[in-house]
> 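Would you mind keeping the following structure in view while I ask a few things?
Note on naming: letters A, B, ... go to the chains in the order of the sequence lines (proteins, then strands), and numbering restarts at 1 for each one.
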Amino acid sequence: MNFDLSEEQRLLTESVERLMLDSYGFGDRRKYGREDPGFSEAMWKRYAELGLLALPFSEECGGLSGGPIETMIVMEAFGKSLILEPYFATVILAGGLLRRGGNEAQRTELIPLIVNGRTKLAFAYAEPHSRYDLFHVETQAKNQGNFWALSGVKTLVLHGDVAHKIIVSARTAGGTREKNGIGLFLVDVDAPGLTRRPFLTQDGLRGAEIALENVRVDEGNLIGDPEGSLPAISRVADEAITALCAEAVGCFTQMQAITLSYLKTREQFGTKIGSFQVLQHRAVDMLVELEQSRSMTLYATMMVGEDNTIERERAVSAAKVQIGRSSKAIGHQSIQLHGGIGMTMEYSIGHYFKRVVMIDTLFGDADHHLRRLAALGGLKKKI
Amino acid sequence: MNFDLSEEQRLLTESVERLMLDSYGFGDRRKYGREDPGFSEAMWKRYAELGLLALPFSEECGGLSGGPIETMIVMEAFGKSLILEPYFATVILAGGLLRRGGNEAQRTELIPLIVNGRTKLAFAYAEPHSRYDLFHVETQAKNQGNFWALSGVKTLVLHGDVAHKIIVSARTAGGTREKNGIGLFLVDVDAPGLTRRPFLTQDGLRGAEIALENVRVDEGNLIGDPEGSLPAISRVADEAITALCAEAVGCFTQMQAITLSYLKTREQFGTKIGSFQVLQHRAVDMLVELEQSRSMTLYATMMVGEDNTIERERAVSAAKVQIGRSSKAIGHQSIQLHGGIGMTMEYSIGHYFKRVVMIDTLFGDADHHLRRLAALGGLKKKI
Amino acid sequence: MDLLFTEGDLTFREEVRRFLNDNTIPDIRRKLAEGLKLSKDEVAAGTRSLYKKGVPTWPQEYGGTGWTLLQQYIFEEEARAFPALVKFGMGEDLVGPVIYTFGDLAQKRYYLPRIANATDWWCQGFSEPEAGSDLASLKTRAAQHGDHYVVDGQKIWISSAHYADWIFCLVRTNPDVKKHQGISFLLIDIKSPGVTVRPIQLINGGYEVSEVFFDDVRVPLANLVGEKNKGWMYAKYLLSKERFDDAGVGLSKERMLRALELAAQTYVGDERLIDQSSFREKVAELEVQLKALEITQLRAIANASKQQQGVQDPASSILKLRGSEVEQAAAELLMAVIGPNTLPYIPDEELGSWNEPSILPRWAAKIAPIYFYSRAASIYSGSSEIQKNIIAKAILGL
Amino acid sequence: MDLLFTEGDLTFREEVRRFLNDNTIPDIRRKLAEGLKLSKDEVAAGTRSLYKKGVPTWPQEYGGTGWTLLQQYIFEEEARAFPALVKFGMGEDLVGPVIYTFGDLAQKRYYLPRIANATDWWCQGFSEPEAGSDLASLKTRAAQHGDHYVVDGQKIWISSAHYADWIFCLVRTNPDVKKHQGISFLLIDIKSPGVTVRPIQLINGGYEVSEVFFDDVRVPLANLVGEKNKGWMYAKYLLSKERFDDAGVGLSKERMLRALELAAQTYVGDERLIDQSSFREKVAELEVQLKALEITQLRAIANASKQQQGVQDPASSILKLRGSEVEQAAAELLMAVIGPNTLPYIPDEELGSWNEPSILPRWAAKIAPIYFYSRAASIYSGSSEIQKNIIAKAILGL
């Protein structure tokens with residue numbers, strides 16, 4: 001067992017942290033957020049130049065063959081700066097589906113376009129009544145001989161507003177909540193019959209609702225098994241959760257630092273408020289949550305590569321429970337310790353709070369994953 | 001709405017509180033606990049003289065026709081002194097069954113004996129596998145013409161070690177967990193076939209396990225409907241829970257007072273520990289729990305006379321949830337604020353802690369009642 | 001002791017229900033039910049219809065109903081549930097009682113009727129950037145020049161200042177004495193030259209609060225309430241009143257009922273969320289806390305009605321503290337109901353047009369903002385930490 | 001970064017398992033499994049069998065195994081799970097390391113072997129009645145008279161003092177300087193004339209701790225460890241070691257597994273408790289906390305292994321604090337499993353004979369005492385409040 005970073009990982013950490021330090025302060029973020037797509041296209045280019053968009057992909061597709069640890073490093077740094085760019089949607093979600101489900105043609109064609117920053121993707125998995133169940137798919141994909149016709153509605157498509165192509169989960173067979181009969185389809189956003197309704201998200205990002213009405217998808221844009229894509233979706237969801245955990249740890253780290261700094265400078269009753277014992281102990285409570293979250297994120301990162309589905313899901317759910325609980329605990333404390341200023345849009349802490357709360361709701365909140373973990377028999381003893 | 005006590009209730013409060021103040025300090029309690037039956041027979045006589053043993057019974061049986069409020073007053077005072085005498089077992093439980101289920105002969109014969117302090121009773125409802133389900137009854141009562149023959153085992157019989165007679169719930173018909181087919185039988189402890197194994201309880205009281213082997217019970221000692229006594233048992237259990245809530249509020253009040261006094265006298269780091277902000281806020285947390293518990297006990301006391309079973313059970317369960325949560329919260333805080341001394345048998349606070357923890361486990365802990373409340377549809381809006 | 005409402009209380013409640021039914025403006029009722037914003041004029045109209053029998057919480061001699069505390073409580077509960085409850089600023093609840101308790105005759109005659117007929121919208125100017133929890137360290141100065149004060153300084157976290165006609169302020173009139181002395185209570189026309197209102201956007205996206213700047217603002221001496229330099233006393237009166245009123249039982253109840261209503265429409269697979277046992281237990285846990293709070297509130301009302309002076313009732317001291325926690329828990333319950341669909345953020349101004357014909361229900365977009373805003377409940381009107389300090393000192397004697 | 005055990009670690013674990021299997025005394029294993037008390041002789045024998053390859057946590061030069069921290073951790077985990085883990089007082093974990101780090105050659109030669117072969121049972125004499133959390137305000141005095149100190153005073157909360165042969169104490173050797181100065185670290189033969197041990201009964205019914213009185217006790221000067229008046233430094237070394245060792249991951253794991261095992265035998269109606277979803281979720285919630293603690297412990301081990309001096313690792317600072325909370329939660333879980341059957345209290349001495357042929361399972365009587373005793377976990381070795389004070393200052397710089 002060894003918690004040290006390799007030389008390459010240390011270099012990656014340094015370069016992404018330097019980029020964030022130089023170009024992604026809270027003021028920069030506000031500026032980027034006001035730009036047209038709601039984020040910085042310039043930063044997206046920088047990510048490409050730095051190889052961040054290439055990270056998890058195999059070398060034959062122009063990638064860097066990074067694993068979960070590399071993703072953790074990048075997502076944690078992104079969390080610290082609350083980045084607005086569609087890295088999660090494009091690289092983690094859609095990129096993950098291509099890696100795990102795409103055939104060689106799809107991979108060699110699309111992944112290089114992700115890597116060089118030219119193409120943004122999104123993954124449309126959620127539906128009005130699916131809640132957290134990835135297998136709850138009402139959207140229909142009808143086989144019409146040499147193409148598929150997709151009809152239905154997809155909600156909460158993260159960065160679906162800017163994506164060039166969207167991977168859509170749709171039902172090719174079976175009833176609404178059957179685990180078999182789900183396929184993945186790569187849809188062009190300009191395809192006739194597809195309409196997008198963009199929206200802002202509570203945490204300052206973007207998304208879209210997608211309506212599909214007999215949208216034609218060629219056979220070549222079917223990703224993986226038309227009836228058996230749920231395992232790939234689940235696996236990518238586990239990777240996505242693990243990445244979100246790392247992002248949250250980045251947020252927590254920053255929330256702790258911002259709050260500490262406030263405690264050390266803000267004066268009330270003629271003294272720094274950080275001298276009040278009650279507030280000191282709250283800051284310690286935050287530290288405990290942060291360290292426990294970091295530990296569980298390491299655990300999920302270690303286990304997310306596991307091929308044994310049950311072991312993997314247990315670990316990932318356990319981590320998401322921890323992150324969800326800590327999001328509330330750290331979020332509430334950091335706002336409370338700031339008082340009124342923490343409630344304002346002008347100040348940074350509330351933006352972190354909103355992001356971690358939304359992270360809790362993405363791919364299952366703490367209660368959902370607690371139920372899943374319990375249903376899976378809990379954590380096994382082995383580390 | 002009126003939270004004031006009537007003149008009579010105020011007199012009752014004063015007299016029972018004076019008795020406790022004069023004769024039931026922590027030192028007295030230790031002394032009583034070392035006496036042979038594990039409590040003070042002399043105090044039992046005083047309760048009789050003061051009319052406390054007569055409180056809930058009708059005047060025709062020599063009682064004082066007190067209601068839930070009178071019981072609350074007495075139980076709260078008893079809780080403050082952590083009394084050891086079998087008031088709960090004799091007056092609340094067995095007395096309640098006689099009041100609600102006994103025929104006139106039984107009532108006029110037995111209740112006067114309770115009232116004058118001569119006879120102590122107990123109620124044997126629990127069995128090895130019944131947990132909190134009063135309807136889980138394996139003990140058999142077989143009708144043998146003019147008598148019943150009881151066989152089975154009863155656990156956790158509160159003060160069953162000193163009772164002269166024990167009311168036993170036994171199955172006259174149906175399967176182990178059927179709600180119909182449960183009868184109540186008044187058994188003499190000297191009856192052939194009955195053996196008692198006395199035990200100490202975690203909180204310094206006494207109890208017994210009872211084994212019954214073909215114990216003969218005459219028809220005249222059948223209490224109420226031989227197949228339909230569960231409603232009476234449930235009703236008495238609700239009254240018992242309400243009484244326990246009041247006792248717990250008495251305990252909490254004293255725990256708060258003892259802890260406050262410790263905070264105001266104990267010195268560390270050259271100052272009273274009550275000057276530390278963290279400890280001050282903990283004391284406030286205790287106060288909040290105490291006041292919320294008092295409110296819910298008032299609520300249960302108000303509702304326990306309700307004939308609508310569902311309304312009554314909802315209110316009683318809600319109160320028991322509050323008391324259970326507060327038992328942990330106040331118990332843990334008061335021990336923690338004392339440090340090591342709070343962990344010792346020589347000091348009072350730990351005894352209160354143990355009592356309130358046991359109150360949580362009597363007739364259903366907080367989790368059990370939360371489930372019951374949820375299953376009953378939660379609290380209604382009406383007060 | 002009788003813990004049920006008396007016949008008289010129940011009759012009163014029936015009367016209130018009839019009154020609300022007869023007098024509430026239908027359009028206002030609809031907008032309140034749908035969680036839509038009301039204009040200042042609408043609030044004024046709604047307030048006038050609520051005040052038809054007099055200002056609910058005031059004594060009769062000042063245009064109030066003269067109701068008991070319990071009747072006032074029943075009225076507010078019913079008005080909130082109807083829903084009909086609007087608040088035309090802080091005139092009725094805060095500055096009005098200060099004026100009729102400590103003001104002079106001219107002040108009573110001028111200001112109170114203008115509150116009672118919803119003419120003047122009042123806001124409260126207490127907090128300052130450097131004086132948050134340490135309220136008494138405020139720096140806004142009022143220097144006497146002839147027949148007026150000249151006020152300079154800055155106030156912050158002023159609720160609904162952008163609607164206000166008047167602001168009542170704590171100002172420093174003597175900088176040379178200890179901080180709690182030297183403070184006065186001043187009534188300021190917010191349209192006076194030199195007053196600037198700058199709204200602050202909060203994390204829920206709304207503009208509920210503002211900064212208010214005073215730059216050489218002239219205020220007549222006649223606008224001083226009570227004695228000069230005694231303002232802290234009036235502020236303490238007002239703050240303890242706020243704590244008493246702030247349990248928010250009605251608000252939390254409304255939120256809980258909303259959560260149950262939405263949970264009955266929400267499916268997890270084939271099962272309604274409201275039928276899921278773990279969700280029901282979560283609800284029950286909160287219902288217990290809310291019921292305990294409600295009874296504690298009623299105990300405090302009963303106690304206050306007896307006009308006992310001296311020792312503060314422990315029950316009333318915990319109302320604001322505990323009330324904010326329950327209110328926040330109820331907001332978290334709403335979040336648990338909506339689940340993933342909390343994500344889209346729709347600004348208020350788009351809410352009318354949004355979701356016809358969109359996919360997610362219209363209410364979905366308002367849940368997270370409610371939750372975010374709920375975090376302020378343990379900060380404003382004296383943070384929970386301040387409440388605990390006060391209780392530790394005043395009630396527990398620590 | 002590789003978060004899995006290496007091949008080497010796994011091989012080591014296999015060796016430990018074989019070692020335990022070959023060397024553990026069967027009767028001790030059985031009693032540990034059943035939660036029965038061991039005599040001092042049994043603990044000594046059990047300790048000797050554990051020490052066959054050397055004292056697990058010591059360097060080789062003093063009779064230790066020389067294992068890495070991770071190996072030590074694996075050994076202790078496995079020994080606890082076997083179960084084979086016994087502790088012959090505080091020799092190995094506390095006074096031994098102080099002696100081999102700060103002691104002189106004579107002390108190392110005399111005391112260390114007597115710990116390594118389980119001859120001397122050591123206990124720790126730090127706390128005093130008036131110096132609980134404020135440890136440094138201790139009053140027990142050691143006055144120098146010729147070639148010995150004369151010790152007078154009182155210590156309290158001394159674990160297993162009734163078994164002890166020796167006690168290591170903090171004593172005041174200079175009352176005229178600031179409290180943290182003027183303290184020395186002294187080794188005292190507990191059978192010396194003038195030493196009285198008075199066991200204290202705790203609320204679980206047991207006698208785990210004692211008061212120890214010193215009345216003109218003569219202690220040779222040679223029993224002073226390190227420099228006179230530098231005792232606080234050695235105590236701090238020892239306390240931070242305690243914090244590091246005190247996460248109690250193994251203990252909490254054992255308790256969790258026990259709770260699951262018992263829940264599998266417990267029926268609620270026709271359903272096993274372990275199959276009840278709300279119980280399983282309660283378990284899962286705690287499993288997450290325990291797993292987080294375990295990883296944090298492993299991170300701390302990895303970090304300490306790198307021998308970094310200077311800034312303390314935040315991860316290690318929270319181990320004792322968080323560990324006690326998890327341990328207490330695990331005890332509460334046991335209480336939830338046993339439910340109403342927790343009521344009977346059976347003293348240890350009757351436990352052997354009780355319940356043959358009684359009705360409730362034998363284990364039932366031990367659950368509440370475990371829970372009651374667990375409350376001490378956040379009090380001893382520096383209360384949680386003290387831990388938070390330390391972390392706030394040392395780690396957060398507040």
> Considering only heavy atoms, which portion of D/Leu293 lies under 4.5 Å from any heavy atom of chain A: side chain, backbone, both, or neither?
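Contact with chain A involves both backbone and side-chain atoms of D/Leu293.
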> Does anything in residues 65-73 of chain D reach chain A? List residues with heavy atoms under 4.5 Å apart, or say none.
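From residues 65-73 of chain D, the residues near chain A are D/Leu70.
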> Any ion pair linking A/Arg325 and D/Glu285 (charged N to carboxylate O, less than 4.0 Å)?
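Looking at D/Glu285 and A/Arg325, the cut-off is met.
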> Could you state the interatomic distance from CG (D/Asn303) to CZ (A/Phe3), rounded to the nearest 0.5 Å?
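Taking CG in D/Asn303 and CZ in A/Phe3, the distance rounds to 10.0 Å.
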> Going from CZ on A/Arg282 to NZ on D/Lys388, what distance comes out if it is rounded to the nearest 0.5 angstrom?
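Interatomic distance, A/Arg282 CZ to D/Lys388 NZ, rounded to 0.5 Å: 9.5 Å.
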> May I ask you to name which of D/Arg322, D/Lys393, D/Met256, D/Glu281 has the most heavy-atom pairs under 4.5 Å with chain A?
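Ranked by contacts with chain A, first place is D/Glu281.
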> Between A/Arg371, A/Gln322, A/Gln292, A/Lys272, which has the largest tally of heavy atom pairs under 4.5 Å with chain D?
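Ranked by heavy-atom pairs under 4.5 Å with chain D, first place is A/Gln292.
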> Report which part of D/Gln289 has an atom under 4.5 Å of a heavy atom belonging to chain A: side chain, backbone, both, or neither.
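Backbone only.
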> Of all heavy-atom pairs between D/Leu398 and A/Gly274, which one has the smallest distance, and what is that distance?
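The pair with the smallest heavy-atom distance is CB-O, 3.9 Å.
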> Could you grab the distance from atom CD of D/Glu287 to atom CG of A/Leu373, nearest 0.5 Å is fine?
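If we round to the nearest 0.5 Å, D/Glu287:CD and A/Leu373:CG are 6.5 Å apart.
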> Looking at CD of A/Glu289 and CD1 of D/Ile318, how far apart are the two atoms once the value is rounded to the nearest 0.5 Å?
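Result: 9.0 Å between the selected atoms.
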> Which pair of non-hydrogen atoms, one from D/Ala392 and one from A/Gln280, has the smallest distance, and what is that distance?
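Scanning both residues, the minimum pair turns out to be CB-CB, 3.8 Å.
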> Is it the side chain or the backbone of A/Asp285 that comes within 4.5 Å of chain D heavy atoms, both, or neither?
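Contact with chain D: side chain only.
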> Kindly compute the distance separating NZ (D/Lys282) from CG (A/Leu370), expressed to the nearest 0.5 Å.
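D/Lys282 NZ to A/Leu370 CG: 11.5 Å, rounded to 0.5 Å.
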> Counting a contact as any heavy-atom pair under 4.5 Å apart, which residues of residues 256-266 of chain A contact chain D?
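The residues closer than 4.5 Å to chain D, in numerical order, are A/Gln256, A/Leu260, A/Leu263, A/Lys264.
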> Where is the tightest heavy-atom contact between A/Ser295 and D/Thr296, given as atom of each residue plus distance?
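So the minimum-distance heavy-atom pair works out to OG-OG1, 2.7 Å.
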> With a 4.5 angstrom heavy-atom cut-off, which part of A/Met286 approaches chain D: side chain, backbone, both or neither?
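Contact with chain D: none, neither part.
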